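Structure first, commentary second.
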Amino acid sequence: MPKKNDVPASFETALSELENIVTCLESGDLPLEEALNEFERGVQLARQGQIKLQQAEQRVQILLSDSEDAKTTPFTPDAE
């Protein structure tokens, strides 16, 4: 079982985990401290997901670049 602070293997996994956290928080059944921990984890997952989406958008922009004389360079994502 992965630790709470581990980065999920994929965007889809992170999104699924975030959805589970939201459902759990919306239920209102968690004690305050546990709810705060889950909320913190959700914020981490949301930020990681946003970074992955920005990286994907960069890749798409590079691939769809109209400029024929544009210099192409391999895409290297920031350290995750």
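This one's a predicted model, so the numbers in the text were calculated from it and none came from an experiment.
- If you take CZ on R41 and CG on N37, they are separated by 11.5 Å, rounding to the nearest 0.5 Å.
- With a 4.5 Å cut-off on side-chain heavy atoms, S10 and E12 count as touching.
- Linking Ile, Leu, Val, Met, Phe, Trp and Tyr residues whenever their side-chain heavy atoms come within less than 4.5 Å places V43 and I21 in a single cluster.
- Contact check for Q54 versus Q50: side-chain heavy atoms found under the 4.5 Å cut-off.
- Between the OG1 atom of T23 and the CD atom of E38 there is a distance of 11.5 Å, given to the nearest 0.5 Å.
- Linking ILVMFWY residues whenever their side-chain heavy atoms come closer than 4.5 Å, directly or via other members, leaves I51 and L45 in distinct clusters.
- Other residues sharing the hydrophobic cluster of L15, ordered by chain and number and joined by side-chain separations under 4.5 Å: F11, L53.
- Residues L30 and F39 fall within the same hydrophobic cluster, defined by Ile, Leu, Val, Met, Phe, Trp and Tyr side chains chained together at heavy-atom separations under 4.5 Å.
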